[in-house]
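This report concerns only the one structure given below.
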There are 2 protein chains.
Amino acid sequence: MFKKFKIPDATIGRLSMYSRYLSEADEKGITTVSSQDIAQATGVTPAQVRKDLAYFGEFGTRGVGYNSRELYTYIMKILGLDKRWSIAIVGAGNLGRALSKYKGFQQRGFDIVCIFDNDPKKIGKKLANINIYPLDQLEEKVKELKIDLGIIAVPASAAQEVADMLVGAGIRGIINFAPINVTVKENIILRRVDLAAQLEYLTYYLEETR
Amino acid sequence: MFKKFKIPDATIGRLSMYSRYLSEADEKGITTVSSQDIAQATGVTPAQVRKDLAYFGEFGTRGVGYNSRELYTYIMKILGLDKRWSIAIVGAGNLGRALSKYKGFQQRGFDIVCIFDNDPKKIGKKLANINIYPLDQLEEKVKELKIDLGIIAVPASAAQEVADMLVGAGIRGIINFAPINVTVKENIILRRVDLAAQLEYLTYYLEETR
DNA sequence: AAATCTTTGTTAAAAATTTAACAACCATTA
DNA sequence: TAATGGTTGTTAAATTTTTAACAAAGATTT
């Protein structure tokens with residue numbers, strides 16, 4: 001697609017927010033929005049909105065603004081969300097179970113197609129109508145079901161091993177929820193989400209005044 | 001505490017990673033670590049580690065390194081984790097339920113002390129031994145239990161309303177898991193965690209090559 | 001105790017990101 | 001059709017963050 005230059009990571013996150021607002025605006029029948037409108041709704045500056053969009057092309061009309069539906073479609077395409085993606089979750093603990101049921105993924109085009117775990121009590125069962133398989137079937141199932149993305153929801157001690165398995169099976173993108181740094185070969189996209197660290201960000205700012 | 005200057009947000013997240021590594025090192029009996037060691041374990045550069053720490057003071061010995069346990073203690077204090085924090089979760093859906101059971105919070109000093117929801121079928125029940133109360137008891141319970149932090153795990157449509165209630169009840173920090181921008185008065189610390197957006201970050205990088 | 005080896009803390013440089021400013025351009029109105 | 005108002009796309013400036021370099025200082029060796 002576009003992507004001649006390096007795009008800031010933060011821009012990608014903001015595009016996601018913009019798209020949600022645009023979809024909402026379109027549903028409400030608001031056909032045209034300005035960078036000001038988008039900015040207000042998503043908590044950024046209008047200049048930021050225009051800059052973010054400028055990385056990818058010209059989508060608006062000077063003096064007018066952006067067509068909601070059209071810009072929505074463009075952004076979704078930029079994010080790769082003009083098609084659906086298949087996902088595997090590794091780890092059927094509390095987090096894995098919640099993620100498998102989370103409606104927010106479906107809505108944005110992500111289908112959780114299988115779950116892996118090593119606990120014999122869980123294997124063979126279903127979660128939100130999704131089969132749970134043992135880890136040694138990971139490679140087989142990933143290939144069979146053409147799974148693109150993996151979510152690591154196992155304890156930190158097992159995270160690297162699981163990452164290796166996912167990469168070995170041919171997965172190309174990973175979200176790691178385990179609170180540990182895992183490494184993968186460079187053509188694999190990896191993102192870490194540390195839930196506890198999010199709370200620690202709050203306490204850092206609050207601890208001085210309690 | 002320290003905090004004369006503006007500290008990069010990213011630094012806070014990295015301190016959290018450093019602390020986990022330091023605790024692990026200490027448990028293994030490794031008493032001294034270098035910025036190089038910390039960097040390797042957490043996936044950053046040694047210069048970054050030293051710079052991050054330099055915002056808060058001098059914790060190491062030149063030619064030697066850092067004492068694992070000592071640095072761990074310092075960082076935990078910086079993050080405000082030398083004491084425990086009480087948390088309320090609003091929303092007993094899939095995500096709220098998972099977060100209430102998530103062991104990772106406990107381990108880092110966060111106690112989920114109550115859950116709020118408006119569904120009559122859920123009110124009065126317990127989740128992971130935590131009581132579920134109706135939303136109209138939020139203010140009362142937050143004050144009674146001296147709750148510091150709130151987690152919003154409700155649909156986007158209700159997020160702003162819940163944020164207002166939390167702030168009204170005296171909460172000072174909020175994590176918002178709803179995929180929408182909420183606003184709060186400026187002395188409240190707010191952080192948004194968009195799970196679907198994390199996956200979209202992956203698909204952005206992958207969509208061109210599928 | 002001098003020399004050497006290490007690793008920190010700090011300063012300077014580089015790179016990345018955000019903010020601001022404004023020319024270009026479209027639509028509307030006089 | 002000229003003038004006005006409004007909003008984008010883009011360029012430049014400012015700010016923030018990261019990386020690199022190195023002097024300072026502790027430990028070890030000769």
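Protein chains get the first letters and strands the later ones, always in sequence-line order, with residue 1 at the start of each. Side chains included, hydrogens not; waters and symmetry mates left out as well; all remaining heavy atoms used.
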For [X], I'd like to know if atom [atom1] has over 12 heavy atoms of other residues, nucleotides or ligands within 6.0 Å.
X        : atom1 : result
B:Gln198 : CD    : yes
B:Arg69  : CZ    : no
B:Glu144 : CD    : yes
A:Glu140 : CD    : yes

Nearest whole angstrom, please: distance from the [atom2] of [N] to the [atom1] of [X].
X       : N      : atom1 : atom2 : result
B:Leu53 : C:dT11 : CG    : C1'   : 17 Å
A:Phe59 : C:dC26 : CZ    : C1'   : 19 Å
A:Asp9  : C:dT18 : CG    : C1'   : 15 Å
B:Glu58 : C:dT7  : CD    : C1'   : 13 Å

What's touching nucleotides 18-20 of chain D from the protein side, N or O pairs under 3.5 Å?
unit_1, atom_1, unit_2, atom_2, d
D:dT18, OP1, B:Arg14, NH1, 3.1
D:dT18, OP2, B:Arg14, NH2, 3.0
D:dT19, OP2, B:Gln48, OE1, 3.4

Exercise for review: Run the salt-bridge test on A:Asp148 and A:Lys83 with the 4.0 Å N-O cut-off and return the result as yes or no.
Suggested key: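 The answer is no: the pair does not qualify as a salt bridge.
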Review point. Is it true that B:Lys28 and B:Glu24 have a side-chain N and a carboxylate O under 4.0 angstrom from each other?
Key: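 Salt bridge between B:Lys28 and B:Glu24, a charged N being under 4.0 Å from a carboxylate O: yes.
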Point to revise | Separation of A:Leu99 CG from B:Leu195 CG (nearest 0.5 Å) | key: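 Interatomic distance, B:Leu195 CG to A:Leu99 CG, rounded to 0.5 Å: 6.5 Å.
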Check your understanding: In terms of side-chain heavy atoms, does A:Ser19 have a donor or acceptor partner in A:Arg108 at a distance below 3.5 Å?
Key ->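 Yes, A:Arg108 and A:Ser19 have a side-chain donor paired with an acceptor closer than 3.5 Å.
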Check your understanding: How are the rings of B:Phe116 and B:Tyr133 set relative to one another: parallel (under 30°), tilted (30 to 60°) or perpendicular (over 60°)?
Key ->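 Rings of B:Phe116 and B:Tyr133: tilted, 30 to 60°.
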Exercise for review: Please state whether the rings of B:Tyr74 and B:Phe59 are parallel, tilted or perpendicular, taking 30° and 60° as the class boundaries.
Suggested key: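 Judged by the thresholds at 30° and 60°, the geometry between B:Tyr74 and B:Phe59 is tilted.
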Using a cutoff of under 3.5 Å, can you pull out all pairs of nitrogen or oxygen atoms linking the protein to nucleotides 26-30 of chain D, with atom names and distances?
unit_1, atom_1, unit_2, atom_2, d
D:dG26, O4', B:Arg62, O, 3.2

Point to revise | A:Ile30 versus A:Ser68, closest heavy-atom pair with distance | key: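 Answer, listing the atom of A:Ile30 first, then A:Ser68: O-OG, 2.7 Å.
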Review point. Counting just side-chain N and O atoms, does A:Tyr66 come under 4.0 Å of either OP1 or OP2 of D:dG6?
Key: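 It does not, given that no N or O in the side chain of A:Tyr66 lies less than 4.0 Å from OP1 or OP2 of D:dG6.
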Review point. What residues, two or more places apart in sequence or in another chain, satisfy side chain to side chain contact (heavy atoms under 4.5 Å, CB included) together with A:Ala158?
Key: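 Result, side chain to side chain contact (heavy atoms under 4.5 Å, CB included) vs A:Ala158: A:Val154.
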Check your understanding: What are the residues of residues 29-41 of chain B, sorted by number, that bring a heavy atom to within less than 4.0 Å of DNA chain C?
Key ->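 Nucleic-acid contacts, sorted: B:Ser34, B:Ser35.
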Exercise for review: Can you pull out how bent the helix from C:dA1-D:dT30 to C:dA30-D:dT1 is, comparing the axes over its first five and last five pairs, to 10°?
Suggested key: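 Its terminal axes enclose an angle near 10°.
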Exercise for review: Go through the structure and list residues passing side-chain hydrogen bond (donor to acceptor under 3.5 Å, both in side chains) with A:Asp164, not counting sequence neighbours.
Suggested key: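 A:Asp164 satisfies side-chain hydrogen bond (donor to acceptor under 3.5 Å, both in side chains) with A:Gln160 once adjacent residues are dropped.
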